[in-house]
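The structure appears right after this line, and notes come after that.
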Amino acid sequence: MLVVGLTHYLVLSAFLFSLGLYGIVTRKNAIMVLMGIELMLNAANINFVAFSRYGNYGIGGQLAALFVIILAAAEAAIALAIVLNIYKTFANVDVDDINNLKE
Amino acid sequence: MNWYDIIFYLFAALVLVSGFLVVTAKNIVHAAFYLLFTFFGVAGIYALLGADFISIVQIMVYVGGILVLILFGVMLTNKITNVDIRTGTVKVLPAAIVIGIFAGALLALMVKTGWYSNPGQIPETTLPVLGKTLITQYVLIFELLGMLLLVALIGAASIARRDKE
């Protein structure tokens with residue numbers, strides 16, 4: 001139990017994923033929702049790298065984690081551009097209040 | 001219990017505690033700074049798993065890039081002068097119950113499944129094999145990701161641009 005193995009990493013990532021999901025569900029601010037998504041992406045990445053480590057160092061898992069990090073960077077840039085536009089239009093960023101695409 | 005295990009538990013505690021503070025912090029700027037500790041902890045977990053390059057990329061891209069972007073977003077979309085930087089929460093109790101059940105199911109899945117586990121030998125560095133695989137077997141994805149970053153750059157710049165009036 002105390003010797004760290006694959007299961008420990010998977011449990012850690014399961015907890016982190018649930019925390020991210022909780023953040024997405026309960027927060028109203030769009031940027032907090034974005035932070036929850038980042039937590040979930042990190043949890044998925046821990047799984048990728050852990051399976052790469054305990055699958056006799058298959059390099060594919062680490063590459064998948066690398067691609068996820070790149071996509072997360074692109075996603076954060078686009079999402080924040082959209083959030084800035086929403087703020088310009090609605091003067092707040094509560095996801096509950098945003099319900100039309102065009103004025 | 002050897003040093004590897006102790007360091008793992010330290011990093012795991014750092015990740016989970018700061019992750020919990022991210023999703024519960026009232027002040028959104030505090031949440032962004034707790035996210036910093038989560039990202040550092042995850043980078044430590046990668047290093048423990050022998051993924052040295054991924055660990056450095058995590059620090060450079062997440063801490064150096066995404067977190068700065070998020071902080072910019074926070075500062076630009078909150079009325080700092082009006083002290084309205086707090087952020088509301090909705091339906092905390094039902095969400096906590098549902099997510100708790102979901103987390104329990106996920107934990108049961110992770111613990112009960114008999115995963116294939118073959119630890120192997122930790123290589124000195126993963127960098128040469130990562131680089132070689134990236135420009136041979138995965139070269140198409142590599143190029144497509146380059147295109148995607150270019151498209152995201154142009155798209156973000158054109159979406160966030162102020163209209164001339």
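Quick note on labels: first sequence line is chain A, next is B, and so on, each numbered from 1. Quantities reported herein were computed from a predicted structural model and do not represent experimental measurements.
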* With sequence neighbours excluded, tell me which residues meet side-chain hydrogen bond (donor to acceptor under 3.5 Å, both in side chains) with B/Gln58. => A/Asn42
* Structure fact -> The reported gap from CD in A/Glu38 to CG in B/Leu69 (rounded to nearest 0.5 angstrom) is 9.5 Å
* Pairwise distance CG(B/Leu145) to CG(A/Leu66) - rounded to 0.5 angstrom -> 8.5 Å
* Asked: Is it the case that one hydrophobic cluster holds both B/Leu148 and B/Leu150, taking links as side-chain heavy atoms less than 4.5 Å apart, direct or via other members?
  -> no
* Could you tell me which non-hydrogen atom of A/Gln62 sits nearest to which non-hydrogen atom of B/Gly50, and how far apart they are? => NE2-O, 4.2 Å
* Structure fact -> So, the part of B/Leu16 with a heavy atom under 4.5 Å from chain A: the answer is both
* To do: Tell me, out of B/Leu109, B/Thr113, B/Thr126, B/Val151, who's got the most heavy-atom pairs with chain A below 4.5 Å.
  => B/Thr126
* B/Leu130 reachable from B/Ile135 in the ILVMFWY side-chain graph, under 4.5 Å edges -> no
* **Rounded distance (nearest 0.5 Å) linking atom OG1 of B/Thr38 with atom CG of A/Leu19** => 9.0 Å
* B/Ala51 versus A/Val49, closest heavy-atom pair with distance -> CB-CG1, 3.7 Å
* Can the ring centres of A/Phe67 and B/Phe142 be said to be less than 6.0 Å apart? -> no
* To do: Tell me whether A/Ile37 is reachable from A/Ile46 by hopping between hydrophobic residues (I, L, V, M, F, W, Y) whose side-chain heavy atoms are closer than 4.5 Å.
  => yes
* To do: Taking all non-hydrogen atoms of both residues into account, name the closest pair between A/Asn85 and B/Ile159 and its distance.
  => ND2-O, 3.2 Å
* Asked: Side chain, backbone, both or neither: which part of A/Leu80 has a non-hydrogen atom closer than 4.5 Å to chain B?
  -> side chain
* **Any A/Leu39 side-chain heavy atom under 4.5 Å of B/Leu35 side chain** => yes
* Side-chain contact test, heavy atoms from C-beta onward, threshold under 4.5 Å: evaluate it for B/Tyr46 versus A/Asn45 and give yes or no. => yes
* Within one Ile-Leu-Val-Met-Phe-Trp-Tyr cluster: B/Leu67 and B/Ile56, side-chain cutoff 4.5 Å -> no
* Asked: Can you check whether B/Val23 reaches A/Thr26 side chain to side chain, under 4.5 Å on heavy atoms?
  -> no
* Might you point out which heavy atoms bring B/Val15 and A/Leu16 nearest each other, and give the distance in Å? => CG1-CD1, 3.7 Å
* B/Val57 reachable from B/Val129 in the ILVMFWY side-chain graph, under 4.5 Å edges -> yes
* Asked: At a heavy-atom separation under 4.5 Å, does B/Ala157 approach chain A through its side chain, its backbone, both, or neither?
  -> neither
* Contact list for residues 12-25 of chain A, test side chain to side chain donor-acceptor pair (under 3.5 Å), sequence neighbours left out -> A/Ser13-A/Asn47
* Asked: Should B/Tyr62 and A/Ile69 count as side-chain neighbours, where that means a heavy-atom distance under 4.5 Å?
  -> yes
* When rounded to the nearest 0.5 angstrom, what is the spacing between OH in A/Tyr9 and CG in B/Leu49? -> 4.0 Å
* Yes or no on side chain to side chain contact (heavy atoms under 4.5 Å, CB included) for A/Leu12 and B/Phe11, after CA distance, side-chain angles and deciding distance? -> CA-CA 10 Å; A/Leu12 170 66; B/Phe11 275 125; over 6 Å; no
* Structure fact -> Correct closest heavy-atom pair for A/Ala73 and B/Val61 would be CB-CG1, 4.0 Å
* Under 6.0 Å from the OH atom of B/Tyr4, do we count more than 12 heavy atoms belonging to anything else shown? -> yes
* For residues A/Phe17 and B/Leu106, determine if any side-chain heavy atom of one lies less than 4.5 Å from a side-chain heavy atom of the other. => yes
* Structure fact -> Separation between CZ (A/Arg53) and CG (B/Leu48), nearest 0.5 Å, reads 10.0 Å
* Where A/Arg27 and B/Lys26 come nearest, the two heavy atoms and their spacing -> NH2-N, 4.4 Å
* Quick one: do B/Ile70 and A/Ile31 satisfy side chain to side chain contact (heavy atoms under 4.5 Å, CB included)? Show the steps, please. => CA-CA 7 Å; B/Ile70 286 178; A/Ile31 296 177; 3.9 Å; yes
* Under the side chain to side chain contact (heavy atoms under 4.5 Å, CB included) rule, what do A/Leu10 and B/Leu107 come out as? Steps first, then yes or no, please. => CA-CA 8 Å; A/Leu10 297 182; B/Leu107 274 183; over 6 Å; no
* Give, as side chain, backbone, both or neither, the part of A/Ala72 having an atom under 4.5 angstrom from any heavy atom of chain B. => both
* Structure fact -> Cut-off 4.5 Å, heavy atoms of chain A, and the answer for B/Phe20 is both
* Tell me, out of A/Val25, A/Ile86, A/Thr7, A/Ile59, who's got the most heavy-atom pairs with chain B below 4.5 Å. => A/Ile59
* Asked: In terms of heavy-atom pairs under 4.5 Å, which option from B/Val98, B/Ile99, B/Leu153, B/Ile141 contacts chain A the most?
  -> B/Ile99
* To do: Decide if atom CZ of B/Phe37 counts as having more than 12 heavy atoms of other residues, nucleotides or ligands within a radius under 6.0 Å.
  => no
